[in-house]
Amino acid sequence: AQTVTQSQPEMSVQEAETVTLSCTYDTSESDYYLFWYKQPPSRQMILVIRQEAYKQQNATENRFSVNFQKAAKSFSLKISDSQLGDAAMYFCAYRSAGANSKLTFGKGITLSVRP
Amino acid sequence: NAGVTQTPKFQVLKTGQSMTLQCAQDMNHEYMSWYRQDPGMGLRLIHYSVGAGITDQGEVPNGYNVSRSTTEDFPLRLLSAAPSQTSVYFCASSYSGGWGSPLHFGNGTRLTVT
């Protein structure tokens, strides 16, 4: 079974600075997808970014980018120019490429942004 | 688009009571699932469905039942509530898991069992 590990329960960043959230995963599959979800205090789950394992190029979405290291099974999220609205819990998640596969989440990391 | 709609948003139950958490989606998604979120545990899969008439167990299925009579609806039933079921529950849906379809989430239900 696949597992997703987020070893840092909390992180803090100064507004306008850059922060990197770590995630590792364990799988024997070669084709899969990785996600970062954001959960602000409103409780809503928001997709931040998605990475296909077969793509070597790291995904980017505006201020959010990932560092995907397939051999190391590492998938970190970098937030540039941090804003107060980035304060939230962030979850890393894994999904196999097969049809009807389940989504497995890490335990999450709470990010605070200092003004 | 309404997306994924969960009701109720909040619920308080007494131990032993039963209730159904409702989930409906209007995106014609084949895949639907229920997660519970507990502090320090992330989101854990309770049950999921890959289409009408098909359901399967996730990581923490005990104490919960589901059914999928239509593509749109996927209710979660607590037959006899226990304090250990105090949690935040999320319903989520997607196209079939192939091609890495992201999950679309409802806004969650906070359930307290006393």
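Every chain is numbered from 1, with letters handed out A, B, ... down the list of sequences.
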Cluster overlap A:Ile49 with A:Val19, hydrophobic side-chain contacts below 4.5 Å: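 Yes, one cluster joins them.
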Exercise for review: Spell out, yes or no, whether A:Phe75 and A:Leu77 are grouped together once hydrophobic residues are joined by side-chain heavy atoms under 4.5 Å, including indirect joins.
Suggested key: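 As far as the 4.5 Å side-chain criterion goes, A:Leu77 and A:Phe75 are connected within one cluster.
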Is a donor from one side chain sitting under 3.5 angstrom from an acceptor on the other, for [X] and [Y]?
X	Y	answer
A:Ser82	A:Glu15	no
B:Thr86	B:Arg110	no
B:Gln57	B:Tyr64	no
A:Tyr32	A:Tyr54	no
B:Arg77	B:Ser67	yes

Interatomic spacing from CE in A:Met11 to CD in A:Gln6 - rounded to 0.5 Å: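 Taking CE in A:Met11 and CD in A:Gln6, the distance rounds to 12.0 Å.
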So how far is it from B:Asp56 CG to B:Ser33 OG, rounded to the nearest 0.5 Å?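 One finds 12.5 Å between CG of B:Asp56 and OG of B:Ser33.
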Closer than 3.5 angstrom, by distance alone: can the side chain of [X] be matched with the main-chain N or O of [Y] as a donor-acceptor pair?
X	Y	result
B:Asp26	B:Gly3	yes
A:Lys73	A:Thr27	yes
A:Glu17	A:Gln14	no
A:Gln83	A:Ala87	no
B:Trp34	B:Val66	no

**Prompt:** Could you go step by step and tell me if B:Tyr35 and B:Tyr89 meet the ring-ring contact (aromatic ring centres under 6.0 Å, His included) rule?
**Reply:** CA-CA 6 Å; B:Tyr35 286 86; B:Tyr89 292 84; over 10 Å; no
*Heavy atoms under 4.5 Å from chain A: which residues of residues 17-25 of chain B carry them?*
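Within residues 17-25 of chain B, near chain A: nothing under 4.5 Å.
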**Prompt:** Looking only at heavy atoms, which of residues 41-55 of chain B get nearer than 4.5 Å to chain A?
**Reply:**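 So the qualifying residues are B:Met41, B:Gly42, B:Leu43, B:Leu45, B:Tyr48, B:Val50.
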| query | Do any of residues 34-41 of chain A come closer than 4.5 Å to chain B, heavy atom to heavy atom, and if so which ones, in number order? | reply |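 Counting heavy atoms that sit under 4.5 Å from chain B, the residues of residues 34-41 of chain A involved are A:Phe35, A:Tyr37, A:Gln39.
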Notebook entry, point to check: Mind checking which of residues 102-114 of chain A sit less than 4.5 Å from chain B, heavy atom to heavy atom?
Noted result: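 Result: A:Lys102, A:Leu103, A:Phe105, A:Gly106, A:Lys107.
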Can the positive tip of B:Arg68 be found less than 6.0 Å from the middle of the six-membered ring of B:Tyr31, inside 45° of the ring normal?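 Verdict for B:Tyr31: no cation-pi partner in B:Arg68.
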TODO: Let me know if B:Gln37 has heavy atoms under 4.5 Å from chain A in its side chain, its backbone, both or neither.
DONE: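 Side chain of B:Gln37 only, per the 4.5 Å heavy-atom cut-off to chain A.
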Closest non-hydrogen atom pair between B:Gln6 and B:Gly108, with its separation:
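The answer is OE1-N, 3.1 Å.
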